[in-house]
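These notes are about the structure you will find just below.
Just follow the structure's listing: the first ligand is 1, and inside any ligand the first atom is 1. Just so you know, these numbers come straight off a predicted model, no measurement behind them.
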Amino acid sequence: MHPLAERVLQGDVRAAARVMRLVDDRAAGYVQILKDLFPHTGKASVVGITGVPGAGKSTLVDRLIEHARKAGHKVGVVAVDPTSPFSGGSILGDRIRMQRHFLDDEVFIRSLATRGAMGGLSRSCGDVVRVLDAFGCDVVFVETVGVGQDELEVTRTAHTTLVVVPPGGGDEIQAAKAGILEIADVFVVNKADREGADAQVRHLESMIALGREIASGRAQQPTSHGHGHGHVSRSSVESLDVDQVRLGDASVPASDWTPPVLKTVAARNEGIDALVDAIDRHRAFLASPAGARRRRLQSHDQLLALFKDVLADAALSAVRARFDELEPAVARGEVDPYTACEHLLAEFRRR
Ligand SMILES: Nc1nc2c(ncn2[C@@H]2O[C@H](COP(=O)(O)OP(=O)(O)O)[C@@H](O)[C@H]2O)c(=O)[nH]1
Ligand SMILES: [Mg+2]
């Protein structure tokens, strides 16, 4: 075993920090360390927190940390900030908010900044969570902003994804809702001390109900000659192909979990117990047969994402020279990008 991996498993903070940096930089040997750590992962409960900037995610995470610490848990936090090119730049606000936990050596906070277009961040996020898991964190919180590629990675990484929504209906929030409906395991209407919180709760609940109706309508079609409401027995659920579930053409709803909508006032520590309850209930759901299907999907997605990433790296380095040749030609409009890609793929296949 890599000596650093061994130290991480012993709970050595400096080793953990060092490994996370290596993972971040994809420095030589980091994959071996991840391999060594992998058999020691899977114990941490991973909670993703996403939502528009200013919704109160960091404040909420701070409260959740507090709650977990009272329960005696060792806590990891990964703060993903796509707005900052540098780790520790605009994350400073979050640092201040979670500051009191910085002095607690059972709370380990790590910030990640978005990388280039190659999806570096996505991969690091999952890997960093695994390091924290192997390091012995009982719970890991991952905070991200928005509903982009990074959030998809969070749902791939997290067991439970919280979507934090403030009251009120700015265009930004309305636009984000469609996307978040897909990824939320629990909705949190934070800033419930403000006007419009109840309306927001009702709005989200009706969106969830509508989403389920559409899903079960879809589910009923193939079995409409039979009986029931689109629910199928466990054994047939388990025998379902993962891709069938994903494509939504399966004869069962993709999930038997209905996201609850909770109100919190993170600033005043209100509603946190109920939120922790909901997270725990979702964990219990994941341990059920329906949850097993969802875990299976998640592992499928993780492997696929990792493979795509590895493949893109390998392919690009194999055809780098040709890429550098074609790229300016595409920029000048001499070659269209489709043809360029065909050339690159042909070149890759020849190797
Ligand atoms: N009124 C009110 N303000 C809150 C609440 N929770 C957080 N805030 C404030 O909202 C602002 C943004 O919070 P922050 O946690 O940084 O949001 P983030 O961008 O989603 O991480 C801060 O000034 C918080 O103090 C709340 O429940 N009620
Ligand atoms: Mg924040």
Side-chain angles (χ1 to χ4, degrees), residues 46-69 75-102 107-114 121 125 128-129 139-148 150-151 153-155 157-158 160-177 179-180 183-201 204 260-276 278-279:
V46 184
V47 180
I49 299 97
T50 188
V52 294
K57 297 179 296 297
S58 299
T59 315
L60 210 53
V61 169
D62 183 83
R63 297 303 187 186
L64 291 170
I65 295 171
E66 193 177 4
H67 201 284
R69 289 296 300 130
V75 178
V77 181
V78 182
V80 179
D81 189 348
T83 60
S84 165
F86 310 108
S87 198
S90 72
I91 209 77
L92 195 64
D94 288 343
R95 273 184 199 263
I96 291 164
R97 219 147 282 132
M98 300 177 194
Q99 192 176 40
R100 56 210 178 96
H101 299 296
F102 265 83
V107 178
F108 198 94
I109 302 179
R110 171 86 194 160
S111 49
L112 296 176
T114 297
L121 172 75
C125 179
V128 163
V129 167
V139 51
V140 179
F141 298 109
V142 184
E143 179 187 335
T144 61
V145 179
V147 217
D150 297 336
E151 287 61 46
E153 179 56 25
V154 168
T155 39
T157 304
T160 303
T161 300
L162 314 182
V163 173
V164 186
V165 186
D171 287 346
E172 194 184 4
I173 291 160
Q174 293 302 335
K177 269 180 189 163
I180 57 187
I183 66 169
D185 296 311
V186 177
F187 279 103
V188 183
V189 176
N190 186 48
K191 303 196 177 180
D193 52 324
R194 295 215 180 144
E195 208 182 313
D198 288 324
Q200 187 69 284
V201 169
L204 287 167
V261 184
L262 304 174
K263 284 193 291 183
T264 57
V265 184
R268 295 203 302 250
N269 205 18
E270 288 169 24
I272 306 303
D273 288 347
L275 175 57
V276 172
I279 295 169

Select one of side chain, backbone, both or neither to describe which atoms of Leu60 lie under 4.0 Å from any atom of ligand 1, heavy atoms only. neither

Look at atom 1 (N) of ligand 1 and find which of Asp193, Thr264, Thr144 reaches it with the closest heavy atom. Asp193

Using the test side chain to side chain contact (heavy atoms under 4.5 Å, CB included), find all partners of Ala197 that sit at least two apart in sequence or belong to another chain. Pro167, Val189, Ala192, Lys263

So which of Asn269, Thr59, Asn190 actually passes side chain to side chain donor-acceptor pair (under 3.5 Å) with Thr264? Asn190

Closest contact, heavy atoms only, Ile49 versus Val47: CD1-O, 3.5 Å

Regarding Ser58, does it place an N, O or S atom less than 2.8 Å from the Mg ion (ligand 2)? yes

Do Lys57 and ligand 1 have an N or O pair less than 3.5 Å apart? yes

For the Mg ion (ligand 2), find the closest N/O/S atom on Glu143 and give its atom name. OE2

Taking only residues two or more places apart in sequence, or in another chain, which ones meet Ala68 in a side chain to side chain contact (heavy atoms under 4.5 Å, CB included)? His73, Val75, Val139

Closest non-hydrogen atom pair between Ala266 and Gly56, with its separation: CB-O, 4.5 Å

Val265 N/O to ligand 1 N/O under 3.5 Å: no

Go through ligand 1 atom by atom and flag the ones less than 4.0 Å from a non-hydrogen atom of Thr59. 7 (C), 13 (O), 14 (P), 15 (O), 24 (C)

Gly54, any N or O under 3.5 Å of ligand 1 N or O: yes

Between Ser58 and Glu143, is there a side-chain heavy-atom distance shorter than 4.5 Å? yes

Arg69 with Glu66: basic N within carboxylate O range, under 4.0 Å: no

Provide the number and element of each atom of ligand 1 under 4.0 Å from a heavy atom of Glu143. 21 (O)

Is the backbone N or O of Gly51 less than 3.5 Å from a side-chain atom of Lys57, with the two atoms forming a donor-acceptor pair by type? yes

With heavy atoms under 4.0 Å as the rule, classify the contact between Arg268 and ligand 1 as side chain, backbone, both or neither. neither

N/O to N/O below 3.5 Å, does that happen between Ala192 and ligand 1? no

I need the atoms of ligand 1 closer than 4.0 Å to a non-hydrogen atom of Pro53, numbered in the order shown. 19 (O)

Given the options Val163, Leu275, Val261, Val186 meets side chain to side chain contact (heavy atoms under 4.5 Å, CB included) only with Leu275

I'd like to know whether ligand 1 has Gly51 as a neighbour, heavy-atom separation below 4.0 Å. no

Ranking Asn269, Asn190, Val188, Val61 by closest non-hydrogen atom to atom 6 (N) of ligand 1, top hit is Asn190

Below 4.0 Å from any atom of ligand 1, is there a heavy atom belonging to Glu270? no

Picking from Leu64, Leu262, Asp185, what satisfies side chain to side chain contact (heavy atoms under 4.5 Å, CB included) with Leu162? Leu64

